[in-house]
Amino acid sequence: MIQALSDEHFMKIAFQEAQMAAEEDEVPVGAVVVCKGKIIARAHNLTERLTDVTAHAEMQAITSASNYMGSKFLNDCSLYVTLEPCMMCAGAIAWARLGKLVFGAFDPKKGYTILNQDILHPKTEVKVGIMKEECSEILSKYFQSKRV
């Protein structure tokens, strides 16, 4: 059973966003921003719809959360994302000073951890592997469908 307000609970909602992205023929990545137990932003990839390479789920969620909070800093917020952020998104996470980053699947080709440098804000807590299998599987299925 998934406990309300747990990392698993919020990752499940991010995963729903990833499913919406897949239905829209976008790379299935979803994200939610949580502040004090409340979801303040939900997003998924919109790069195809917006023809914008920067329209990643994380970027959309951070922008929405910043607008909601009326601040560019999100120190008291947590970002839940189904895939490890790329370097661009990790930079935005650092600039937003997010308090916590939780991601599901690693991205061994374009994830920020391939840099072997800590580019996130020093106070950002990082937790990985929540719903890792589900997050990996939806991406694998999406890219397999593109190769057929």
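If you're wondering where the values come from, they're calculated on a predicted model, not measured in any experiment. Hydrogens, waters and symmetry mates are skipped; everything else that's a heavy atom, side chains included, is used.
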- request: Using the side-chain contact (heavy atoms from CB on, under 4.5 Å) rule, take Arg42 and Ile39 through it: C-alpha gap first, then chi angles, then the decisive distance, then the call.
  value: CA-CA 7 Å; Arg42 302 172 66 128; Ile39 295 173; 3.7 Å; yes
Between [X] and [Y], what is the shortest heavy-atom contact and its length?
X	Y	answer
Gly111	Met87	O-CE, 4.4 Å
Val33	Ile62	CG2-N, 4.5 Å
Cys89	Met59	SG-CG, 3.7 Å
Gly91	Ile119	N-CD1, 4.4 Å
Ser136	Ala105	OG-CB, 3.3 Å
Val102	Met11	O-CE, 3.6 Å

- prompt: Does a donor on one side chain sit under 3.5 Å from an acceptor on the other, for Thr54 and Asp52?
  reply: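 Judged by distance alone, the side chains do pair up.
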query: Taking atom types as modelled and ignoring hydrogens, do the side chains of Glu24 and His44 form a donor-acceptor contact shorter than 3.5 angstrom?
result: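 His44 and Glu24 do have a side-chain donor-acceptor pair below 3.5 Å.
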In Å and rounded to the nearest 0.5 Å, what is the [atom1] to [atom2] distance from [X] to [Y]?
X	Y	atom1	atom2	answer
Thr124	Leu74	OG1	CG	10.0 Å
Leu83	Asp107	CG	CG	4.5 Å
Lys146	Gln144	NZ	CD	13.0 Å
Gln60	Asn45	CD	CG	8.5 Å
Phe15	Ile138	CZ	CD1	4.0 Å
Thr82	Leu139	OG1	CG	6.0 Å

Test of understanding: clusters of I, L, V, M, F, W, Y form through side-chain heavy atoms closer than 4.5 Å, transitively. Do [X] and [Y] belong to the same one?
X	Y	value
Val53	Leu46	no
Leu79	Val128	yes
Ile130	Ile13	yes
Val27	Met88	no
Phe73	Trp95	no

field: Verdict with supporting geometry, Val126 and Leu120, side-chain contact (heavy atoms from CB on, under 4.5 Å)
entry: CA-CA 9 Å; Val126 178; Leu120 300 178; 3.5 Å; yes
query: Do the ring planes of Phe103 and Tyr112 sit parallel (below 30°), tilted (30 to 60°) or perpendicular (above 60°)?
result: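 Phe103 and Tyr112: perpendicular rings.
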task: Could you walk me through whether Leu101 and Val81 pass side-chain contact (heavy atoms from CB on, under 4.5 Å), step by step?
output: CA-CA 8 Å; Leu101 167 65; Val81 62; 4.0 Å; yes
message: Tell me whether the count of non-hydrogen atoms from other residues, nucleotides or ligands lying under 6.0 Å of NZ in Lys100 goes above 12.
response: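 Count over threshold, so yes.
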field: N/O donor-acceptor pair under 3.5 Å between Glu84 side chain and Gly104 backbone
entry: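 Checked: no pair found.
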field: Side chain His121, main chain Lys123, donor-acceptor under 3.5 Å
entry: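 Here the side-chain-to-backbone pair exists.
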Can [X] and [Y] be counted as an ion pair, charged N to O under 4.0 angstrom?
X	Y	value
Glu26	Arg49	no
Asp76	Arg97	no
Glu8	Lys12	no

- request: Verify side chain to side chain donor-acceptor pair (under 3.5 Å) between Lys38 and Tyr68, making sure each step is shown before the conclusion.
  value: CA-CA 12 Å; Lys38 178 183 177 186; Tyr68 178 88; 2.8 Å; yes
